[in-house]
Amino acid sequence: MVFRRLLRKRWVLGVVFGLSLIYFLSSTLKQEERTIRDRTLLEVRDSDHHIQWKIKFILGNSSRQISQCRNSIQGKSLLTDELGYVCERKDLLVNGCCNVNAPSSSQHVCTSCLANGCCSIYEYCVSCCLQPDKQPLLEHFLNRAAEGFQNLFTAVEDHFELCLAKCRTSSQSVQHENTYRNPQAKYCYGESPPELLPI
Amino acid sequence: RKFKKTGLMSLLLLLAEVAFLSKYKCSCPVRFCNIFCSLSLSFLEYIVVFNGYFTAKARSDFISSALRDVDAVNWRIVRRDNPASDYPSDFEVVEIRQDTRSSLLTLQDHPYIKRVTPQRMVLRSLKLTDRNDTRWVQKWQSWQSSRPLRRTSLSLGSGFWHATGRHSSRRLLRAIPRHVAQILQADVLWQMGHTGSGVKVAVFDTGLSEKHPHFKNVKERTNWTNEKTLDDGLGHGTFVAGVIASMRECQGFAPDSELHIFRVFTNNQVSYTSWFLDAFNYAILKKIDVLNLSIGGPDFMDHPFVDKVWELTANKVIMVSAIGNDGPLYGTLNNPADQMDVIGVGGIDFEDNIARFSSRGMTTWELPGGYGRVKPDIVTYGSGVRGSGLKEGCRSLSGTSVASPVVAGAVTLLASTVLNRELVNPASMKQALIASARRLPGVNMFEQGHGKLDLLRAYQILNSYKPQASLSPSYIDLTECPYMWPYCSQPIYYGGMPAIVNVTILNGMGVTGRIVDKPIWQPYLPQNGDYVDVAVSYSPVLWPWAGYLAVSVSVAKKAASWEGIAQGHVMVTVASPAENDVSNSTMTSTVKLPVKVKIVPTPPRSKRILWDQYHNLRYPPGYFPRDNLRMKNDPLDWNGDHIHTNFRDMYQHLRSMGYFVEVLGAPITCFDASQYGTLLMVDSEEEYFPEEITKLKRDIDNGLSLIIFSDWYNTSVMRKVKFYDENTRQWWMPDTGGANVPALNDLIAVWGMAFSDGLYEGDFTMADHDMYYASGCSIARFPEDGIVIAQTLKDQGLEVLKQETAVVENVPVLGLYQTPSDGGGRIALYGDSNCIDDSHRQKDCFWLLDALLQYTSYSMTPPSLTHSKNRVVPPTGTDRPLPQRLEGNHLYRYSKVLEAHLGDPKPRPLPACPHLSWAKPQPLNETAPSNLWKHQKLLSVDMDKVVLPNVRLYRPQVRPLSPGESGAWDIPGGIMPGRYNQEVGQTIPMFAFLGAMVVLSFFVVQLTKAKSKPKRRKPRVKRPLYLQQQQQQTPHSGKNPTV
């Protein structure tokens, strides 16, 4: 009976309403905070998180013979094959490998690449990344890679696929979403994003 | 890159409206249609619905057996003469004259009869809306047009969710589509065993829930957004995936395809370029075959995104994308659908009309110097298409984001039919689709592209395809109307600016290619080909899979006074490195581009108008605000400001008045002024070279006339309309006002003229015409012997800045001036461009343009203006300083005239005028085919070789008027009807919540009234979704009806 009368009191109703309103507002605001926090999802976060990569590096034996090559497919005029040779499209053999004897072909070249591991030509980035001595760098990157790259780098199977994927422009390559950080050297095999140039 | 979010409030209101309307089945809202219908009971006639489909004879037998006790004269079956009478039906209309009641009861008892209902007569009447009912258009647009600032998911917001019940009551006895896959005859390919197996399809959208009953082969779901879920909260992604691959209920095209769901769009409809970049990288790694992107935005200058799309197609991903929902305005194409390597899809309804919402017009990348490409590539059903609902069941949805998965699904199915998958690539698929498309009559190519998707013909073409190059459009017939609009709307003549046709070369032979030697121009001598000069420019490398071939057509001097048709062709050879062939070989393919033009004698100077395109700037890349400040959900000027985009109506009007309109895509120094009567400068944002200013002065002294339609420029207002763009995470400050008034003032200062920085708005009457001044400026200075007309207007600047209303009398809006030199030209100024611009126009003022042209071209002073009571003494403008450029503006970043400099930006050196190198003709003594567009579009394609088993012609399923109920037809094939009003059902909790909030707030008010203890909380709901809108709306809050 007392309880019922209590419920009829306006201030009780007011308190109930006020509490629900506070709950509503706080959860909305919390969500907003979360949104803002999550927006930085793809930035490297210092955490214990490691992505489970499964890449097998095949090292040293770059002169090995293979019958069929994968290559970088997309190039306007240049291609990189999985042995790290860069060649012009016309020097590509039927099996997908670069013709090693063609004058334009060369292996593990870092032409156009800067010291920070960013290159202006994608094919050279891939070729440079395929250098055997880049393995520690890549492993280090994989161990520290941001959560946002988890999908990508857990799906990568080997050194060549890793270099193809790593050299592509990504969320790390842009500022203000619609501008490259550095339009000249935007393909990076290294850990750091391209150098930030003012617009 | 910018994206679009729909305001929550507008969403709610639209949902409310849908809910409301679904209750009243027959009152269609004006926004959706102009058809109103009314119901009346038609006496004595009853609809007898059977349990299944029976032939006419069987139906008649059932009814007679049921009514055997009733006298035969008292009933009869009403004959229905329509195409459906030949096919089994599930109902019959019976007229019963006597003993109605008992007859009905006996009828209802028959085992095969489901129910009997009275026949209703539906009367449809057209409530014609005047085409110029611009208020209506404006209202529609203010609801529908997407903020071009942002990338939108291209379904038609919530406003276009059709409640199918309503839809059906209007479409009486018309072909009502049941399944888009069946209409496109996908079942023929299904019967042959092709169901999309082995093809990887990526759906970039709002996700998909894990256990949706429609999908059997979801290979992977990934999330690229900041929301930690893989599930779809909007239904957009589910719908799109359903159209591609649903296996039951509303069937998709390729149920066995491998689905890869990429969640790149949040439930709040937010998305960022960076999410797309990472997701696209993953799609490349996963070797996706077909990718559907029902999402688009206007920012084709977002280089990271555009480059990534190129990279994607270069990796053999066939990308299908929606062209946008910003129609019927021209110049509204969305990126990435406007890219050459992407299949851009527009929408039509089931009656083969271009859907009103479908974006159209040429691409605007090439402006001002060039001319846009033809887009969309193809069109297909995008209005009222049924697809998977959020959790289960089906729903229908409209928008180009529906049309896009229809094509993506068809492409997936087609890819699975091809034995040698090596032959399938983004170019060959696009070639097959556009070569097989069926052209819609009466629609121009900038609306329909190559026509309507034809799945079976595409199948035939693709299965006899040999790698080759092809052209889009495949011929140039400047006489063919309406398909080749706008080319066909104006013949060419000697001395005119060349007609430029921007042809896309598709290269199915390889991802890169090049044009061998040079394209060859071969005029047909018997058909006066030698009267035409042709210049060709082209992409140095065709990558990825495509390139451009810009053909400029001009008239030779010897045809200066000749009239007739001239023909010839351009021959192009494309070479690509052979990929699967013997090494060191190249593949080549030669294509002919037939050219047919109509030549007329050069019209007199007074008939010729030159449109200044060079000084029109637009979004992207910079923030160029709208010319009408009231349109705040469309804050950017992004339609190209070209006579064939958002000034299309003006162009059509000028053509109908007999004027010839040419476009100047180069500085003012680059044209021969003695050829033209009037130079028309509308809404210019660009600066002027000093050389241009002196040249224009000289030209006008020598008889050229000038008409300027200016627009607002007020630095305080410009500072006020800045906003924080969440997508690029930076403040956006306009670089000019509606027009660049300080630059214009520099141009016209020599005649003692200037515009002010006033900002005015309002309705008025001028020379018996109703006019609306939408955010325009006034004339600040004018020579004293000129004619100036003033009007009473509202001071919108004050309203924007201080939310105060003030009426200003005698605002000079129009000025006419005859320059004093002998034979000198005339100048006309008007302060607002909105009345000749198609976007957001409320009242047109083409009559004023006519009057001004009469004045400038023929020196006929319009008496209605000169004898007007509104004529005032020309202002001297000494009382107020002239507008100055906004300090710290970044116009130099986007300007062709300015360059950054220490201190103020300085003009660049004047660029050289564009020079066309005419191709050396190689005349041929042959005759062109009379019909250009029916010639074979792809070489060595033998359609007859690929036989289709038992191809049945599509029979429209005619659905009868269904009495009294809407969602319960029996559909042949045992497919369950979907849930039509699902989306309405979803709104109920929302309403409950809103209602509860209202009740609660009422109590709070009561409480605080009773007890004056001021422990009051103002519920300020602050959500990121609102943030932007609020910021934008602040300048005008209180004035605008919030949607």
Side-chain angles (χ1 to χ4, degrees), chain A residues 10-11 13-14 17-18 20-22 24-25 28-29 31-32 34-42 72-77 88-96 99 122 148-149 151-153 155-157 161 164-166 168-181 183 186 199, chain B residues 1-2 222-228 268 272-275 277-279 281-282 284-286 299 301-305 307-308 311 314-316 510-512 541 543-544 577 579-584 586 620-621 727-730 893 1000 1003-1004 1006-1007 1010-1011 1015 1017 1019-1024:
Chain A
R10 274 187 178 153
W11 64 268
L13 288 171
F17 172 72
S20 1
L21 193 70
I22 289 167
F24 170 73
L25 285 179
T28 314
L29 289 174
Q31 196 170 4
E32 186 186 342
R34 202 183 303 133
T35 319
I36 289 164
R37 205 181 59 227
D38 287 353
R39 189 160 306 145
T40 52
L41 180 81
L42 296 183
S72 62
I73 306 171
Q74 65 184 58
K76 207 172 199 168
S77 56
E88 286 177 21
R89 263 188 188 273
K90 63 174 170 53
D91 295 322
L92 197 69
L93 301 174
V94 187
N95 61 5
N99 183 355
Y122 176 72
F149 287 120
N151 282 330
L152 187 63
F153 290 110
V156 163
E157 301 269 337
E161 280 192 354
L164 282 182
K166 183 68 193 70
R168 296 188 197 284
T169 55
S170 72
S171 53
Q172 303 237 302
S173 318
V174 291
Q175 56 174 327
H176 296 308
E177 297 291 329
N178 62 356
T179 323
Y180 285 117
R181 289 169 68 93
K186 51 181 179 281
I199 304 176
Chain B
R1 173 143 302 233
K2 328 277 148 8
T222 47
N223 175 32
W224 304 88
T225 69
N226 55 15
E227 290 178 336
K228 288 201 169 49
N268 291 340
Y272 295 99
T273 295
S274 54
W275 298 350
L277 297 182
D278 293 335
N281 283 344
Y282 191 61
I284 295 173
L285 182 75
K286 286 282 165 181
D299 190 359
M301 296 289 279
D302 183 349
H303 291 295
F305 186 86
D307 288 350
K308 189 54 79 180
E311 190 178 337
N315 282 284
K316 278 195 144 188
V511 63
T512 61
V541 183
W543 181 91
E579 269 175 30
N580 308 301
D581 219 328
V582 197
S583 184
N584 285 336
T586 51
N727 297 294
T728 57
R729 298 168 204 178
Q730 57 187 336
R893 285 185 191 160
L1000 278 174
F1003 274 116
V1004 170
Q1006 287 288 312
L1007 197 71
K1011 302 192 170 196
K1015 261 218 160 174
R1017 292 178 134 273
R1020 267 189 59 216
V1021 186
K1022 203 173 157 201
R1023 297 194 51 188

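Residue numbers start from 1 in every chain, and the chains themselves are labelled A, B, ... in the order their sequence lines are given, proteins ahead of strands. None of the values given here were measured: they were computed from a predicted structure. What's counted below: heavy atoms across the whole structure, side chains too, no hydrogens, waters or symmetry copies.
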So, do [X] and [Y] sit near enough that their side-chain heavy atoms are less than 4.5 Å apart?
{"X": "B:Phe305", "Y": "B:Asp299", "result": "no"}
{"X": "A:Lys166", "Y": "A:Val156", "result": "no"}
{"X": "A:Glu177", "Y": "B:Ser274", "result": "yes"}

Under 4.5 Å from any heavy atom of chain B, what part of A:Ser72 do you find: side chain, backbone, both or neither?
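For A:Ser72, the contact with chain B is made by the backbone alone.
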Please flag which part of A:Ser173 lies under 4.5 Å from any non-hydrogen atom of chain B: side chain, backbone, both or neither.
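Contact with chain B: none, neither part.
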Using heavy-atom distances under 4.5 Å, tell me whether B:Pro544 contacts chain A through its side chain, its backbone, both, or neither.
neither
Taking B:Val541, B:Ile284, B:Asn281 one by one, which has the highest count of heavy-atom pairs under 4.5 Å against chain A?
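Of the candidates given, the most pairs with chain A belong to B:Asn281.
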Output, in order, the C-alpha distance, side-chain angles, deciding distance and verdict of side chain to side chain contact (heavy atoms under 4.5 Å, CB included) for B:Asp278 and A:Leu152.
CA-CA 8 Å; B:Asp278 293 335; A:Leu152 187 63; 6.0 Å; no
